[in-house]
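Worksheet for the structure shown next.
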Amino acid sequence: MLSVSYGKTETLNLFSAKIQTPKIDKQADKILKQMSDHLTAMQQFSYKSQGSYEVVDKDKKKEQLTYSSEVFVKRPNKLRVNAKNNNRDAAVYYDGKQFTVLGKNANMYAVAEAPPTLDAALDSARDRFQMDPPGADLIYSNPYKGLMEEATQGQLVGEEVINGKASNHLAFKSKEVDWDIWIQKGSSPVPLRYKIISKNIPARPEFIVNFTDWKQGTGPDFADQQFVFSPPANSKKIPFMRLGDAPTASNTKKK
Amino acid sequence: MKKTTTNRIKKISALLATFFLILLFSEEMLVIAQGIRNQQARMDVRGTSRRTARRVDRRHDYMEGNNTGYVEPAPAAAAAATAAVLYSLPGNCADENGLYNCNGIYYEAQMEGTTVVYVQVQR
């Protein structure tokens with residue numbers, strides 16, 4: 001068997017260095033690409049989402065939590081989200097310069113500098129502040145690219161009706177998650193449902209979101225000023241909890 | 001006889017040249033293969049599946065704002081074993097310049113994702 005040595009440590013067998021080619025059904029790929037192109041072309045849009053996610057406790061028991069949200073996107077650098085669950089009512093603003101999250105019940109808000117594009121801002125929000133707008137994978141400038149990066153298998157499962165609308169059900173697999181997406185049939189191929197199963201976590205928790213009310217954005221809801229945060233009366237500014245920060249006096253104590 | 005020897009040398013030279021060309025091609029292919037592998041490794045860092053997996057991981061790890069007084073170890077701070085995060089403060093806490101004094105235990109309000117939490121701090 002032929003092998004080539006690179007220095008003392010690295011030896012790579014030419015015949016075992018086989019690169020795995022994703023097995024993506026052409027039709028599934030085409031439908032996903034159509035959805036992505038459609039979303040990319042929508043420069044201003046809004047949608048509503050109702051989702052649920054499962055939380056696994058230490059005994060590997062799952063609890064399902066639900067939320068609803070309303071998302072407004074203005075490419076390339078504006079986003080506004082209103083999110084609610086049983087106990088939380090929050091708003092997120094991104095105006096191309098800053099992120100702001102307002103906790104409406106507590107009337108407290110946190111502000112941070114943000115990158116100049118929505119794509120970078122979404123990454124930054126997720127990595128730094130654990131912020132995740134519902135269906136965020138789908139509002140990047142090129143959803144297809146991100147969705148397919150780690151896909152190893154993909155297929156068209158068939159046609160299904162979601163909330164009264166005919167859709168194509170696609171199923172994909174990757175190393176860490178399996179995900180399904182239901183895309184509306186016809187001239188407006190928007191996502192209607194998105195499901196992710198985290199298969200490497202005990203109990204395989206599931207995240208599922210239904211999208212409704214997709215609208216091309218026009219009118220006052222999409223005025224630039226609507227994406228700029230204005231502190232409510234008597235609101236209090238607080239810091240973000242950063243991933244990796246230890247909540248000790250050194251970084252959380254007020255001066 | 002001399003002509004036969006010359007022909008043999010030519011054949012051997014041709015075989016050797018072919019062998020080295022194949023070897024060179026193999027190395028080129030190896031470099032290309034490694035390049036693709038490295039590219040895939042970079043993609044892993046920001047792949048959507050990775051991102052979504054991280055999201056589910058976090059939801060797996062942390063409660064999200066039950067606001068029922070649930071107490072848990074601070075999720076972002078394994079090192080701070082004694083610190084705690086509350087989703088609501090107990091009664092009788094006094095606001096002292098932004099820190100909440102709850103019977104001698106101090107908390108600071110912080111935004112965890114889109115949830116206001118109260119993180120135990122040392123004064």
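Side-chain contact between Met241(A) and Val85(B) is present, with heavy atoms from C-beta onward closer than 4.5 Å.
When every heavy atom of Met108(A) is checked against every heavy atom of Met111(B), the shortest pair comes out as O-CE, 3.6 Å. Residues Ala109(B) and Pro239(A) share a closest heavy-atom pair of O-CD, 3.4 Å. Taking each heavy atom of Phe240(A) and Gly113(B) in turn, the nearest pair found is CE2-O, 4.3 Å.
Other residues, nucleotides and ligands contribute at most 12 non-hydrogen atoms within 6.0 Å of the CG atom of Asn92(B). The environment of CD in Gln64(A) is crowded: more than 12 heavy-atom neighbours from other residues, nucleotides or ligands sit within 6.0 Å. When the shell of 6.0 Å around NZ of Lys84(A) is examined, it contains 12 or fewer heavy atoms from other residues, nucleotides or ligands.
Atom-to-atom distance recorded for Asn85(A):CG and Thr115(B):OG1 is 7.0 Å, nearest 0.5 angstrom. Separation of atoms OG1 (Thr114(B)) and OH (Tyr67(A)) is listed at 10.5 Å; rounding is to 0.5 Å.
With sequence neighbours excluded, the residues satisfying side chain to side chain contact (heavy atoms under 4.5 Å, CB included) with Ile105(B) are Tyr107(B), Gln120(B).
Residue contact with chain B, scored on non-hydrogen atoms closer than 4.5 Å, involves the backbone of Tyr109(A) exclusively.
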